[in-house]
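Written below as structure tokens is the structure these notes are about.
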There are 2 protein chains.
Amino acid sequence: MRINSDRLYAALEQLGQIGRYQDEETGLQGVCRLALSAEDGDGRRLVLSWMRQLALEVRIDRIGNVYARRAGRRNEMAPVVIGSHVDSVPTAGRFDGCLGVLGGLEIVRTLNEQKVETLRPIEVAFFTDEEGCRFGTDMLGSAVACGRLTLEYAYELRDRDGLRLRDELERIGFLGECDERVGPPHAYLECHVEQGPILYRKGVEVGVVSGVQSISWQALTIVGKSGHAGATPMDLRADAGVAASMINLKLREMIAGGQYGEMRATMGSLSPVPGLVNIVPGRVEATVDLRNPSNELMQKSEAALLAYYAEVEKAEKVEIRWRQTARTPAVAFSSRLQERIAAAAERGGLSHQSIIAGAGHDAQEFAAICPAAMVFCPGEYDGISHNPREFSTPKQCADGVNVLLDVLLQLADQEEL
Amino acid sequence: MRINSDRLYAALEQLGQIGRYQDEETGLQGVCRLALSAEDGDGRRLVLSWMRQLALEVRIDRIGNVYARRAGRRNEMAPVVIGSHVDSVPTAGRFDGCLGVLGGLEIVRTLNEQKVETLRPIEVAFFTDEEGCRFGTDMLGSAVACGRLTLEYAYELRDRDGLRLRDELERIGFLGECDERVGPPHAYLECHVEQGPILYRKGVEVGVVSGVQSISWQALTIVGKSGHAGATPMDLRADAGVAASMINLKLREMIAGGQYGEMRATMGSLSPVPGLVNIVPGRVEATVDLRNPSNELMQKSEAALLAYYAEVEKAEKVEIRWRQTARTPAVAFSSRLQERIAAAAERGGLSHQSIIAGAGHDAQEFAAICPAAMVFCPGEYDGISHNPREFSTPKQCADGVNVLLDVLLQLADQEEL
């Protein structure tokens, strides 16, 4: 059994028309459907109309998550849930999130066409504000559904203009009445674009996602002493820019050393003040982004970095202040589901490899309450994402969804995992 | 013979009232007398009125430089010139430049009081647009006077608003009629605040300036590849921020190695794009400021740095484009004048040391046509300058001017150097 790749792609195109804009930087058409914006409302209603065309039973919960249910032979059994999100970052493409939701609907459409019945019910879901761009907390809807965050916390979040999340949910017509806490599904599956270069560079067709990395973000303020670049002798300097550079290269050294496993690290922002050619920077604001699939090695790397800050303070006569701006633990996906995904790829004649998720996904919230897993599809242009250049071919999209279909059929027909 | 320190300081205070503003950052009163602004015109007129009170013969040349002459016994002989400037950067204190001009006038006032005659005439001068902040070329007036730049070049310079330098000279009433090329003086002397921390930190009262460093400025554009900080494996990165950090630390390494002499180096500006916590910087604009009292070692350091850029391009898979944005050679001041300055400090019971000028000064232009030298006075707060916090005490100012008086009396009475 295979999904209809053209039909899936046409749906992605159609949803991508909502919130479209002309991107100045790339010259391409981008998508902007910020969570709970009017455009998000329009996008949600389009998906809802498709759900109803498929005769699914739709329910909306109190945080605006939408579940569309296809009945099984035994509807008292826990469903298999396929989910993702349809909100976007301000400068998005058409695939991030949407592929998982529309892929789920295409699977249901295929099952309907083929008149396939399953033992368990199947639900296709999309979750509120996965991106976190507008209200500051990502995976919000799935986190509330799975119990990590409370409804009250979510309702009181405000955007930059002071608009309250609950009011915005109501305004776009998605303040539902169903209980926001979801009963543990039999399993949770999500298909998503990789948003990274690994599959693309290696020409691998399917990524079997092993889990989500732990994330640790720090905001650094490095205080040195401004001085005239010509008149300040080297031994009297306290150059905040040099201190930041030392930290940036230390991150590379830590990774090269190998003792922190699959650590990734980035200094994405670094702003020397005053930032003039002939002034020694007296102050730098910088950021550090650490990732690690191992919680233990993440902690070890954080400790090593803090120890290094003390070294830099001494060596460069600067003061380094830091604060944690984000910290999430690593999540491992169900190994049994990973095995099934890999086997399904094999059966489909698709190359596959294990891959860690670089970004956060709704699946990691569900991993707390049920076996969860993800399939990654490669993206062109090194898998660029959160950018109008984000692009996966019809085949790349269909490969991932077909693997999901295979695994879903197994899971939906089993009594136990 | 000693100058009147209080009188000198009162004159500095009075000139510092013109163009004063309340500085938001420091909470202090700053000075803004940009070259050829209305405030510069007012400042110039105040100094002119003092020159005339001292019965000096004032002439204004075609680039707006002002010379005030005190006759000697033999007026056909070349004068000893004491000069500096009264224009300022936008966020200045009261000392930079003004000390040299008002110190010169205080010397004349002292000679007048003491009824001292000299063999040679003495001229106190101030030069147009030493700072270069408004029209983009520093030491402009003295460079035209000494022949490095032409009058035509200077006249056509425009400020940010498109205003032409010649028109602005005329507007403030300082488009003089005298020949802009100055006849070679017997000697040129300048007293200036150090604008650096060396004298202050060591508690040394007088700096005997050995020369001006060579300056080399580069603007770098480093092009790597943006990527998601979580999803981009380390081995597929081309991080422009890491490349910039490598260059920043290489500068330190070159200096520590010692093979480039008294090299100083600064990466004052470094801007990663897009500059977000979770994006690998795909592009960086950065600057490099190199200084060296040796022209030969400057060239050697520039060559080494370019070779290192090629290494970084290879190591980090980035492209490094650079362009020279400024390049001036080192200037050595007259060693005989340096000896006389040191001896005068000794006679005055003042501690002194040889020091290289960190910034550019009018004296370096005169060094091309006559023996020239400078005396540095220490500044509080590590000699901070180009800032309202710039501050030298009455004694610090008077020490330098007294040394200049001593040397001037010798030079003005000699037939030959």
Side-chain angles (χ1 to χ4, degrees), chain A residues 194-198 201 213 215 217 219 225-234 236-237 239 241-242 244-249 251-252 255-256 263-272 274-281 284 287-289 291 325-326 357-360 382-387, chain B residues 194-198 201 213 215 217 219 225-234 236-237 239 241-242 244-249 251-252 255-256 263-272 274-281 284 287-289 291 325-326 357-360 382-387:
Chain A
E194 179 198 338
Q195 305 184 281
I198 297 173
R201 291 265 183 122
Q213 300 170 105
I215 300 177
W217 283 359
K225 196 163 166 45
S226 273
H228 189 289
T232 313
M234 299 311 297
L236 296 184
R237 296 191 180 200
D239 185 328
V242 165
S245 291
M246 289 170 75
I247 295 166
N248 201 1
L249 297 195
L251 296 171
R252 284 298 181 86
I255 289 161
M263 169 180 174
R264 289 174 185 161
T266 309
M267 182 173 280
S269 163
L270 195 179
S271 314
L276 298 174
V277 58
N278 61 343
I279 306 285
V280 178
V284 161
T287 58
V288 171
D289 175 312
R291 312 266 173 153
T325 51
D382 270 353
I384 189 170
S385 182
H386 288 192
N387 187 294
Chain B
E194 179 197 340
Q195 306 184 278
I198 299 173
R201 291 266 181 121
Q213 300 170 105
I215 301 177
W217 284 359
K225 197 165 165 46
S226 273
H228 189 289
T232 312
M234 299 311 295
L236 296 185
R237 295 191 180 199
D239 185 328
V242 165
S245 292
M246 289 170 75
I247 294 166
N248 200 2
L249 297 194
L251 296 172
R252 285 298 180 86
I255 289 161
M263 170 182 173
R264 289 173 185 162
T266 310
M267 182 173 280
S269 163
L270 195 180
S271 314
L276 298 173
V277 58
N278 61 343
I279 306 285
V280 178
V284 161
T287 58
V288 171
D289 174 313
R291 313 264 173 154
T325 51
D382 271 352
I384 189 170
S385 182
H386 287 192
N387 187 294

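We name chains A, B, ... by the order of the sequence lines, and we start the count at 1 in each one.
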Trace of the side-chain contact (heavy atoms from CB on, under 4.5 Å) decision for A/V280 with B/M267: CA-CA 7 Å; A/V280 178; B/M267 182 173 280; over 6 Å; no
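- Residue contact with chain A, scored on non-hydrogen atoms closer than 4.5 Å, involves the side chain of B/D382 exclusively.
- Contact between B/G268 and A/P272 at its shortest, heavy atoms only, is O-CB, 3.8 Å.
- Contact check for A/H228 versus B/S385: no side-chain heavy atoms found under the 4.5 Å cut-off.
- Among the candidates A/S226, A/S269, A/G227, A/A219, the residue making the largest number of heavy-atom pairs closer than 4.5 Å to chain B is A/S269.
- Under the 3.5 Å distance criterion, the side-chain polar atoms of A/Q195 are left unmatched by any main-chain donor or acceptor of B/A231.
- Contacts with chain A were tallied for B/M246, B/R264, B/E194, B/Q213; B/R264 has the most, counting heavy-atom pairs under 4.5 Å.
- Chain B forms the most heavy-atom pairs under 4.5 Å with one residue out of A/T325, A/I215, A/V288, A/L276, and that residue is A/L276.
- Between chain B and the residues A/R201, A/K225, A/M263, the most heavy-atom pairs under 4.5 angstrom are made by A/R201.
- Here A/V277 is the residue among A/N248, A/D289, A/V277, A/I255 with the most heavy-atom pairs under 4.5 Å with chain B.
- When the candidates A/G360, A/S271, A/A229, A/G196 are compared by the number of heavy-atom contacts under 4.5 Å with chain B, A/A229 comes out ahead.
- The residue among B/A326, B/P233, B/A359 with the most heavy atom pairs within less than 4.5 Å of chain A is B/P233.
- Side-chain contact between B/R252 and A/D239 is present, with heavy atoms from C-beta onward closer than 4.5 Å.
- Contact annotation: the side chain of B/T266 never approaches that of A/M234 to less than 4.5 Å [non-hydrogen atoms, C-beta and beyond].
- For chain B, the option among A/G241, A/P197, A/P281 with the highest count of heavy-atom pairs below 4.5 Å is A/P197.
- Only the backbone of A/I279 comes within less than 4.5 Å of a heavy atom of chain B; no side-chain atom from C-beta onward does.
- Looking only at heavy-atom pairs under 4.5 Å with chain A, the residue among B/L270, B/V284, B/I384 that has the most is B/L270.
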